[in-house]
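First the structure, in the form of structure tokens, and then the observations on it.
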Amino acid sequence: MTTKLELLFTLDAGYIQPFKVALNSIHMNSNDAPIRVWLIHDGIDEALLEEVRQQTALYGWGFEPVTVNGNLFNNAPTEARYPREMYFRLLAGNILPDTIHKVLYLDPDILVINSLLPLWNTDLDGHMLTASTHTGVIDVTTALNNLRLNTEHGYFNSGIMLMNLDQARKTIKWEDIKRTIDEYGDYLMLPDQDILNHLYGSTILEVPDEVWNYDARNYVTYLTRSLGKQDIHWVMANTAILHFNGKPKPWSDKHDNRFTALYLNYAKLTDGLGK
């Protein structure tokens with residue numbers, strides 16, 4: 001029996017179009033694996049959800065939007081780049097049905113350019129989730145983040161995570177998240193990501209970012225760090241997820257790097273769906 005991938009996104013209405021591009025990139029590189037997409041949101045308009053429903057129907061996928069009352073997070077640090085929807089990923093185990101035991105969380109500002117199945121089939125070996133760290137040629141930030149967040153591990157990016165939901169339901173509690181916000185609020189630079197690292201970093205199985213969470217801003221860093229091995233040909237053959245961290249985003253006129261044209265091509269293909 002073919003494995004069904006359970007994919008999770010959390011976003012607001014402003015990210016619907018990038019979300020659709022991400023879904024199309026997954027479809028184009030999924031090898032026809034059966035997929036169900038979960039979308040946790042705080043009141044996205046039904047017309048926009050219908051667009052996604054029609055798109056996923058073209059692929060033969062399931063689509064399950066779940067509306068959550070975001071008032072729970074009214075006291076959480078939020079900024080334009082970090083809306084309260086981002087906290088939903090932390091409590092995904094409590095939001096999604098108990099019948100879902102594992103889910104792959106993905107940020108919407110990604111392109112999937114190779115199969116997700118190897119990540120989906122990763123043995124968590126007792127860990128609650130997988131994540132990647134992003135470091136430069138010389139790692140100058142880990143020590144600072146460890147001091148800032150009272151941690152003893154690398155700083156994990158929360159944008160791509162394979163999650164053991166059964167373990168998350170036992171471990172991740174809103175009371176702990178709220179306490180961390182109250183105690184560390186002034187030090188939370190990337191609120192939900194900082195909370196993840198502070199509370200749950202020790203439960204994370206690290207997976208290589210050059211494959212599963214490639215920071216599309218840092219081509220030269222990857223190339224230098226790998227002594228020239230991880231060039232564009234290597235990326236296209238081996239990287240599964242390109243992550244467009246930071247700003248500008250690749251759908252912006254101001255974005256112009258080695259991966260901009262690739263993203264715009266996927267966006268054009270997505271716009272042409274069903275026409």
Side-chain angles (χ1 to χ4, degrees), residues 3-27 29-30 33-44 48-49 52-53 55-56 59 61-70 72-73 82-112 115-122 124 127-132 156-172 174 177 192-193 195-196 200 203-205 207 212-213 240-245:
T3 302
K4 175 186 283 188
L5 278 71
E6 303 279 2
L7 305 182
L8 171 64
F9 292 81
T10 67
L11 50 103
D12 59 21
Y15 269 85
I16 283 290
Q17 193 58 34
F19 175 41
K20 292 167 65 177
V21 175
L23 293 179
N24 198 35
S25 73
I26 294 167
H27 169 67
N29 295 282
S30 66
I35 291 174
R36 177 163 52 180
V37 177
W38 297 86
L39 171 60
I40 301 176
H41 67 98
D42 182 17
I44 294 176
L48 295 176
L49 295 177
V52 179
R53 189 174 288 110
Q55 178 181 354
T56 52
Y59 307 150
W61 296 355
F63 176 55
E64 300 288 346
V66 179
T67 306
V68 175
N69 186 345
L72 180 65
F73 302 97
Y82 308 108
R84 59 187 176 185
E85 282 81 1
M86 295 185 67
Y87 292 91
F88 296 166
R89 80 185 77 172
L90 295 175
L91 291 170
N94 296 326
I95 296 171
L96 297 180
D98 291 344
T99 53
I100 308 301
H101 305 290
K102 181 172 71 169
V103 73
L104 177 57
Y105 171 80
L106 301 166
D107 272 356
D109 56 346
I110 62 165
L111 282 181
V112 173
S115 175
L116 294 173
L117 279 173
L119 180 57
W120 177 257
N121 292 325
T122 296
L124 286 167
H127 294 82
M128 185 168 66
L129 50 88
T130 69
S132 301
F156 293 103
N157 181 276
S158 60
I160 315 293
M161 299 185 294
L162 179 66
M163 305 178 71
N164 179 334
L165 292 182
D166 293 328
Q167 189 172 343
R169 291 178 182 111
K170 297 176 183 178
T171 305
I172 301 178
W174 168 244
I177 296 171
D192 74 307
Q193 194 161 275
I195 292 167
L196 175 78
Y200 311 116
T203 71
I204 296 175
L205 175 66
V207 293
W212 299 117
N213 195 340
I241 304 172
L242 293 174
H243 194 179
F244 293 89
N245 290 297

Please assess L23 against L7 for the test side chain to side chain contact (heavy atoms under 4.5 Å, CB included), listing each intermediate value before the final yes or no. CA-CA 10 Å; L23 293 179; L7 305 182; 5.5 Å; no

Is there a side chain to side chain contact (heavy atoms under 4.5 Å, CB included) between I35 and L116 once you walk through the steps? CA-CA 11 Å; I35 291 174; L116 294 173; over 6 Å; no

Side chain to side chain contact (heavy atoms under 4.5 Å, CB included) between S25 and V112: does it pass, once the steps are laid out? CA-CA 5 Å; S25 73; V112 173; 3.8 Å; yes

Take L111 and V21 through the test side chain to side chain contact (heavy atoms under 4.5 Å, CB included) and record every step on the way to the result. CA-CA 8 Å; L111 282 181; V21 175; 3.9 Å; yes

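The salt bridge (Lys or Arg N to Asp or Glu O under 4.0 Å) contacts involving residues 87-98 comprise R89-D107, R89-D192, D98-R169, where partners must be two or more places apart or lie in separate chains.
Minimum interatomic distance between I44 and L11 (heavy atoms only, all atoms of both residues): CD1-O, 3.6 Å. The two residues G159 and Y105 have their closest heavy-atom pair at O-CE2, 3.4 Å. Of all heavy-atom pairs spanning A240 and W212, the tightest one is CB-CZ3, 3.2 Å.
With a 4.5 Å cut-off on side-chain heavy atoms, H127 and I204 do not count as touching. Between V37 and V52, the closest side-chain pair of non-hydrogen atoms is not below 4.5 Å. Between D12 and D42 there is no side-chain heavy-atom pair separated by less than 4.5 Å. W38 has its side chain within reach of P97: a pair of non-hydrogen atoms, C-beta onward, lies under 4.5 Å apart. In this structure, the side chains of L91 and V68 stay at 4.5 Å or more apart for every pair of heavy atoms. Looking at V207 and L162, their side chains never come closer than 4.5 Å, going by heavy atoms from C-beta outward.
A donor-acceptor pair shorter than 3.5 Å can be found between the side chains of N24 and Y59.
The backbone N or O of G43 lies less than 3.5 Å from a partner atom in the side chain of H41, making a donor-acceptor pair. Between the T56 side chain and the R53 main chain, a donor and an acceptor come within less than 3.5 Å of each other.
Remark: I100 CD1 to I95 CD1 distance equals 13.5 Å, nearest 0.5 Å. One finds the CD1 atom of I177 at 6.5 Å from the CD1 atom of I172 (value rounded to the nearest 0.5 Å). How far CG of L117 is from CG of N29: 11.5 Å, rounded to the nearest 0.5 Å. Interatomic distance, N164 CG to L129 CG, rounded to the nearest 0.5 Å: 9.0 Å. Once rounded to the nearest 0.5 Å, the distance linking CG of D109 with CG of L242 reads 11.0 Å. Note that the CE atom of M128 and the CG atom of D166 stand 12.0 Å from one another [nearest 0.5 Å].
For R36, the side chain to side chain donor-acceptor pair (under 3.5 Å) criterion is met by E6, not counting sequence neighbours. Remark: F244 pairs with H255, Y263 by the ring pair (Phe, Tyr, Trp, His ring centres under 6.0 Å) rule, at least two apart or across chains.
Cation-pi geometry between K102 and W120 is met: the NZ or CZ atom falls under 6.0 Å from the ring centre, inside 45° of the normal.
Relative orientation of the F63 and F19 rings is tilted, given thresholds of 30° and 60° on the angle between their planes.
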